[in-house]
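Scroll down for the structure; my scribbles are underneath it.
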Amino acid sequence: MRAMAHDERGVAEACAAFSAVIGPEHVVTDPKLLARLATATFSTEARVLAWLRPGNAEEVRGVLRVSSARAMPLYVVSGGKNWGLGSRVPPRDAVLLDLGRLNQIIAFDEELATVTVEPGVTFRQLYDFLRERGSRTFASTTGGSPEGSVLANALERGDGSGPNGDRASSVAALEVMLSTGEVVHTGFERFAGARTAALHRFGVGPALDGLFTQSNLGVVTRGTVWLSPLPRYLAAIRFSIRSDARLGPLVDGLRRLRLDGTLTSAVGIWNDYRVLSVSEQYPWQRMQGVTPLSREVLDEKRRAFDGSRWMGLASIYAPSVMQGEAAVRHVESELGALVEALSVEAESGEPTSGNELFPVTDPGFAFLQGVPHEQSLRSMYYRKRAPAPVELDPDQDRVGVLWLCPLLPLRGADVVTATELVERRMLECGFEPLLALVSSTPRTLQLLPMIVYDRDQVGADARALECHDELLAELVALGYLPHRLALPAQDSLPARETTTERCSSD
């Protein structure tokens, strides 16, 4: 959308036009509420000029036409739970277009394992839908909020559980509204009566899907998400190492297992700081109010998990016990000499959604079986002095969280280089390096440093942003570019390479 000065009169006139499209009750201009919507888990300056909540695709079309005619910028959100990356705050002053009321599950195919949803459908809503039907399928879920948007997370290229953990690669048949009000359907969805529209991403001809992920080229109002069969055999493989020297060889072993097809779903590894942040809050009394956590106290805390420095979780999804056990044996043979501890928990049977093989009261088991939970979110409150509340709202609870999302080759040498840099720099900045390593594809690994702090501490916002920017610049200089950008990093990518050389017949 074109930028312009947004005086109060211009915003008021635009809101009157929006009200005519979606009803005045769904156009919010209350300053206190708008200020809440403009609050994230780090310092921001952009204002939310108004909050629009259309109820269907036609109303979205009308909003886009009004916005385009008046050059009024829109920022689109669905669940608004993008904590640590920007929540629902726009990069600059804008009207917030909230698609949360578009929350219909439009179609479901048990046989071909697909579900067509609107952007307001949450992970919890979709799980409840499958559970009520006793489905034999499950949806990839994330470690984020159960109230996050299934479709929006995929469009932001989020990662999740199960064989469809590379979530952006498991959506098809997008319905997209352009700023002009025109509608684009991707893949075979653009052909009336196409029986494979929900089953094949690209259709025939140029593929447009990628244009609408991590972009503002259009507003996605519907899409099909691919599901996975619940496995008749599921194994959770936990492993750990006590020495940094073992990290590189371990990553190389995992790469071999990802490339040969033994591990078909995401593999996660967490450092000791990150594991500690999930199990308890910062030991303020033990540290006498000093930050960051000392190595001495960390070593004391590590005794709870056998002194492990890095802890990991892989999983085997198989249609039969025989196939699953063979895969587990191969994992054990590949990783056994590379780790200090390796354990396997396996179950088999005929699971359905709501009657999974493993008890979903365990957060790890819940995640593997597509059951959303909030346990991981509690690490955001690690630096707060008060316990995390029952109802988590990091934005309003003044929790400080900033993510970085560099993407690395799934190669031990690269992972060691990047993790050593991140841990050293974050400690120098005064923050515990809470690190997760996630391989959602067979050739890459997401390094996910989490800067956690208390926004009520004077100067903490500025220190966190400075640390984020310095760390991002150093990672980019090494060639480790981010696969997702937090709001402060929107203009931090290096200049794109171009070529001016012309082809010659000489």
Side-chain angles (χ1 to χ4, degrees), residues 28 33-42 44 46 48 51-53 75-91 94 96-103 105 117-129 139-161 165 167-168 171 213-214 219-220 223 225 277-278 363 366-367 370-382 384 388-405 436 438 446 448 450-452 455 484-488:
V28 178
L33 184 50
L34 297 184
R36 286 175 63 91
L37 296 171
T39 301
T41 59
F42 47 83
T44 60
V48 173
W51 182 26
L52 311 181
R53 303 187 68 237
Y75 185 69
V76 185
V77 299
S78 299
K81 302 296 189 292
N82 200 24
W83 292 318
L85 293 169
S87 302
R88 53 166 63 88
V89 181
L96 197 67
L97 176 55
D98 186 338
L99 305 182
R101 290 181 62 223
L102 277 71
N103 60 359
I105 296 175
V117 299
E118 292 182 324
V121 173
T122 67
F123 288 100
R124 191 192 305 276
Q125 180 185 349
L126 180 53
Y127 174 72
D128 289 344
F129 175 90
S140 173
T141 192
T142 74
S145 172
E147 307 310 324
S149 164
V150 175
L151 188 55
N153 178 268
L155 295 173
E156 282 296 314
R157 303 184 200 139
D159 62 88
S161 60
R167 303 197 64 253
V171 293
T213 63
Q214 291 191 8
V219 178
V220 178
V225 175
S277 73
V278 176
F367 177 74
V371 183
H373 67 85
E374 291 188 328
Q375 182 62 31
S376 298
L377 296 177
R378 297 189 173 274
S379 62
M380 295 184 176
Y381 291 76
Y382 177 64
K384 297 293 285 187
V390 175
E391 298 291 332
L392 303 181
D393 188 346
D395 294 328
Q396 302 308 315
D397 294 338
R398 300 283 295 170
V399 167
V401 184
L402 253 174
W403 288 100
L404 289 96
C405 306
V438 180
Q446 301 165 52
L448 301 171
M450 187 180 182
I451 302 174
V452 174
R455 295 198 66 201
R484 290 181 73 178
L485 292 173
L487 194 59

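Predicted model only: the values in this text are computed from it and were never measured. Note: hydrogens, waters and symmetry copies are ignored here, and every other heavy atom, side chains too, is used.
- When D159, T142, N153 are each tested for a side-chain hydrogen bond (donor to acceptor under 3.5 Å, both in side chains) with R167, only one passes: N153.
- Side-chain atoms of V89 and V48, non-hydrogen and from C-beta on, never get closer than 4.5 Å to each other.
- With contacts defined as side-chain heavy-atom distances shorter than 4.5 Å, the pair Y75/L97 does not qualify.
- Inter-residue side-chain proximity for L392 and R378 is flagged as met; some heavy-atom pair is nearer than 4.5 Å.
- Side-chain contact between L99 and E118 is absent, with no heavy-atom pair separated by less than 4.5 Å.
- Of the possible polar contacts, none joining the S277 side chain to the Y382 backbone as a donor-acceptor pair under 3.5 Å is found.
- Side chains of R484 and Q214: a donor-acceptor N/O pair is absent below 3.5 angstrom, by distance only.
- Listed for the K384 side chain is a donor-acceptor partner under 3.5 Å among the backbone atoms of R398.
- The side-chain contact (heavy atoms from CB on, under 4.5 Å) test with L126 is passed by exactly one of I105, L151, T141: I105.
- Around CD of Q396, the count of heavy atoms belonging to other residues, nucleotides or ligands within 6.0 Å exceeds 12.
- Within the 4.5 Å cutoff, side-chain heavy atoms of C405 are placed close to those of L85.
- Side-chain N/O atoms of R88 and N82 include no donor and acceptor closer than 3.5 Å.
- Taking each heavy atom of P90 and A46 in turn, the nearest pair found is O-CB, 3.2 Å.
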